[in-house]
Amino acid sequence: MFILQLLLVLLLVVGAVVGLALQARSQGMADARKRSLAVAGTMANAPGVAQAMASDHPTALLRDSAEAARKGSAVDSVVVFDHRGLRLTHPDATLIGKRIIGPAKLVREELAGKTISQTFHASQGLSVVSAVPVLKPDGSVLGGVSVGVKVESVNSVMTQRLPLLLGSATGALALTTGGTALISRRVRRQTHGLGATEMTRMYEHHDAVLHSVREGVLVVAADGRLLLVNSEARALLGLAPDAEGRHIGELGLEPRLTELLVSGRPVTDEVYPCGNRLLAVNLRPTDRRGGPAGSVATLRDTTELQALSGRAAVARERLELLYDAGVRIGSTLELTETTEKLVEVAVPRFADIVTVELLDPVLQGEEPEPPYEVLHRTAVGGDTTAHPLFRPGERAVYGPTAPQNQALRTGHAVLQAVVSDQAAVSDATGLGTPAEHTPDHGTQSLITVPLRYRGVTLGLANFWRTRRSEPFEEEDLAIAGELSGRTAICVDNARRYAREHAMVTTLQRNLLPGSLPDQDATEVATRYLPAQGGTSGSWFDVIPLPGHRVALVVGKVAGQGLHAAATMGRLRIAVQNFSALDLPPDELLSLLDELVTRLDLEQDTDPDGARITGATCLYAIYDSVRGLCTVARAGHPAPVLIGPDGTVDTPAVPVSPPLGLGGEPFEVAELPLAEGTRLVLYTNGLLDSHDGAPDTGPGPLRHALADNPDLGPEETCQALLDTMRPARQSDDIALLVARTRVLDPKDVAEWEVPLDPAAVAPIRAAAAQQIRAWGLEEADFAAELIISELITNALRYGAPPVRLRLLRGRDLTFEVSDGSSTSPHLRRARTTDEGGRGLFLVSQFARAWGTRYTADGKVIWAEQALSGTPALDDGALGLGDSLVGQGDPSAL
């Protein structure tokens, strides 16, 4: 009692101390919030702050006043920031000019001109931060003032008050403990440690125990009279209500038992008959330690105990069976293996033969709907050698009266304790064999259970016992139902997994290139292998570019599943669209980085949305005319080069952060490549080791390439997968191998074009002569027309120097470069216009045309197919009405 009182007092004191401490901390946090908000408001509205922020040197004008305000108001930071979120002042000078940090939503609110006061991790740690906007005279946001008070500072104030609080609590506790000890001691002395309530409770407890135990208890006096008998002993011996007080010999008990109870001799677990029961008797004298003379006997019914032991053994076996089922059935996500696990668990411990049939939609990964018709036997186990009726992999056809059809219709298990009729056997086995042709294979008992989950039937589980075993009973239905229920859950999980995995894999493969485009710059081979546990967001691409160039792309989106695959598709389409602009690799990655950032901001509005940040990409452009490869990468592994002589090298390509982080420019590396150089691009799934350890680095990859120096792209891909692919592939692999080609100098012709319209004719004539020298007479007329219009456009609207370059390959390529960066565009030409239709003719006779920008101007290019070059008919030669109003592409 004393301990209980002491604990209660201690609990009250501790509660009071904790409450006061929490109250002090809450008041400190509230004071910090008010103080930071007041300082921020004062600083934001102070005269001259707005003018200083709008000046050319805001930091120099505001730093001293901000520090004075911080020290004078006892806050930890006073930060003035502009409308872009860049710090103009900060106690830590190294942070000036950097962006303010904090939760994305709060930062957007600060930059939008809202007043905030929140607690979060700022630049100085966990702080109470208040921000007030600084407005221009017209009401627009110029920036803001953010004031922070570290939570550590608030806690230090509370820590100073803690000794006084703890001292007061200790004194109160000591005073209360002393008073409680004195009172408890006096109570124990007066009651001798036991009161009336305790005595009553002790008697009631002993009486309750005596009459509630499952053993009979008799107390016999030294003269053989029955002094006390409990309810269990009265029931076991069949004693009359007035048996107490009578002699044992007068109670009509078995002679041997009567003799034992009267004798009073000690016995232990001796068995005596009593009617139709066998009683285990224990007898002990009661005169030990000065007690009254007599004996006490305990009786236990061993008949019920034996029956109970048998039931416990059966229950233990069933529990072990269900435990094994729970562990083994759910160990796989493959449909057939899941049903086979049920067979392995149930045979022979529960049934001699087990078959499992699944509905046809389940095998297709779909959810079946009534009527349930087509069943396929997916698993069979047991004594199938002696009972060849059960064949796996076939369609199960049950007769109209078969118990399986009843189970499918009702959704409940069906028990046939005895299946003796051969027609019933034929129906129940699901073979559709006529009864007269069905041999007797000894099957005699069946439980068929529908595999149901979420109210949907997925199939059937059939449990058979032969004549060598006891038939099924009603209580076996519960075990069969539990086994089937657990199997149904795992089958549904496997079905859903198979459907989702097939859907994601199909989506991933449909989003990847179906075939590689034709191009002259490289010989390319690719591979994509999805992870064993799912599909990720890796991709590759080969994009032909004008001027005998090609873009090689490999990227990866972090994560697995449908979101990663869909995001990969969005990024791949974006890369293709950006490539159409013919941008340098660093500019393309910058646009892709901005796109990922915008997509991530959209995900901020969805709390369940997965962010894309973590996507990587390597983008390379190979120019077969110059033999030069320009590469940029965002968080992606560097490429590996295999020279024509077999040497393996990992070039130093600058690495930038993954896409979506922003803030840093992307850098490019220019790699001169000899003809026949193999360029290997890959995702980090290829670097996983065979033992599953991730990211072992490019060392093993370089060794694998060095061991195969003379292989082509296809053979290189296969050799890398055979050597590098881990046994347990936890990540998908995208691999691209490109062998470079260099355009023969004989297939390149260039001319410097003077800035004089009169130079068009001689340049055109020289180009036509070169085309005829290449043996391309059939393309001569269209080529002269294209060259004439491109040069005329450059001379009229461009800037010097103007150059013409012809490239012969799969197509005939015309490139006219000039020093102007203005872009050509089509416009509608009026009927009375004398010009404005030049590039329209180019677009009609060229397979493709466009513009790309260079460091010193632009290049207008056109490609003419060398096979099937269209000839001009009379209408095209005359132009006439077919060209009137078509467009004016001559404006740049």
Side-chain angles (χ1 to χ4, degrees), residues 17-50 52-53 58-135 141-166:
V17 172
V18 172
L20 290 174
L22 291 177
Q23 181 181 8
R25 187 180 186 279
S26 176
Q27 291 177 350
M29 293 294 288
D31 177 68
R33 185 172 288 106
K34 292 178 181 179
R35 181 151 43 95
S36 63
L37 188 59
V39 174
T42 302
M43 183 70 180
N45 296 306
V49 172
M53 292 178 65
T59 299
L61 297 175
L62 294 173
R63 180 168 51 192
D64 294 339
S65 57
E67 282 299 295
R70 179 181 69 84
K71 297 176 181 179
S73 56
V75 296
D76 292 303
S77 67
V78 175
V79 179
V80 181
F81 58 90
D82 61 12
H83 67 283
R84 298 169 299 174
L86 299 178
R87 300 185 182 97
L88 301 179
T89 68
H90 195 279
D92 185 354
T94 60
L95 298 180
I96 295 176
K98 297 185 178 180
R99 291 184 178 274
I100 57 175
I101 63 173
K105 182 178 180 182
L106 288 180
V107 172
R108 288 197 295 269
E109 290 179 355
E110 289 183 66
L111 298 180
K114 293 184 179 181
T115 299
I116 67 162
S117 183
Q118 294 289 339
T119 301
F120 57 87
H121 281 276
S123 59
Q124 294 182 328
L126 185 61
S127 306
V128 178
V129 179
S130 297
V132 175
V134 178
L135 304 178
V141 177
L142 186 60
V145 178
S146 173
V147 177
V149 178
K150 292 190 291 186
V151 173
E152 179 182 353
S153 302
V154 177
N155 292 338
S156 64
V157 176
M158 186 185 69
T159 304
Q160 296 173 359
R161 302 177 183 174
L162 195 59
L164 178 61
L165 188 61
L166 292 178

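This structure is a prediction, so every number in the text was calculated from the model and none was measured.
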Could you measure the distance from the [atom1] atom of [X] to the [atom2] atom of [Y]? Nearest 0.5 Å is fine.
{"X": "Ile101", "Y": "Leu95", "atom1": "CD1", "atom2": "CG", "result": "8.0 Å"}
{"X": "Glu67", "Y": "Leu62", "atom1": "CD", "atom2": "CG", "result": "12.0 Å"}
{"X": "Leu86", "Y": "Leu111", "atom1": "CG", "atom2": "CG", "result": "9.0 Å"}
{"X": "Glu109", "Y": "Ile116", "atom1": "CD", "atom2": "CD1", "result": "7.0 Å"}
{"X": "Thr59", "Y": "Arg87", "atom1": "OG1", "atom2": "CZ", "result": "12.0 Å"}

Nearest atoms (heavy-atom pairs only) where [X] meets [Y]:
{"X": "His90", "Y": "Val79", "value": "CD2-CG2, 3.4 Å"}
{"X": "Phe120", "Y": "Gly102", "value": "CE1-CA, 3.8 Å"}
{"X": "Val149", "Y": "Ser36", "value": "CG2-CB, 4.1 Å"}
{"X": "Ser65", "Y": "Met43", "value": "OG-CE, 3.7 Å"}
{"X": "Thr89", "Y": "Val78", "value": "OG1-O, 3.3 Å"}
{"X": "Met29", "Y": "Val128", "value": "CE-CG2, 3.4 Å"}

List the steps and the verdict of side chain to side chain contact (heavy atoms under 4.5 Å, CB included) for Ile96 and Leu88. CA-CA 6 Å; Ile96 295 176; Leu88 301 179; 5.8 Å; no

Do the non-hydrogen side-chain atoms of Pro133 and Lys114 ever get within less than 4.5 Å of each other?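 No; the side chains remain at least 4.5 Å from each other.
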
With side chains defined as the heavy atoms from C-beta onward, is the minimum distance between Thr115 and Leu37 less than 4.5 Å?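 SC-SC contact between Thr115 and Leu37 confirmed.
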
Hey, mind stepping through Gln118 and Val129 against side chain to side chain contact (heavy atoms under 4.5 Å, CB included) and telling me if it holds? CA-CA 5 Å; Gln118 294 289 339; Val129 179; over 6 Å; no

Would Thr119 and Arg33 satisfy side chain to side chain contact (heavy atoms under 4.5 Å, CB included), going step by step from the backbone distance to the final call? CA-CA 9 Å; Thr119 301; Arg33 185 172 288 106; 3.3 Å; yes

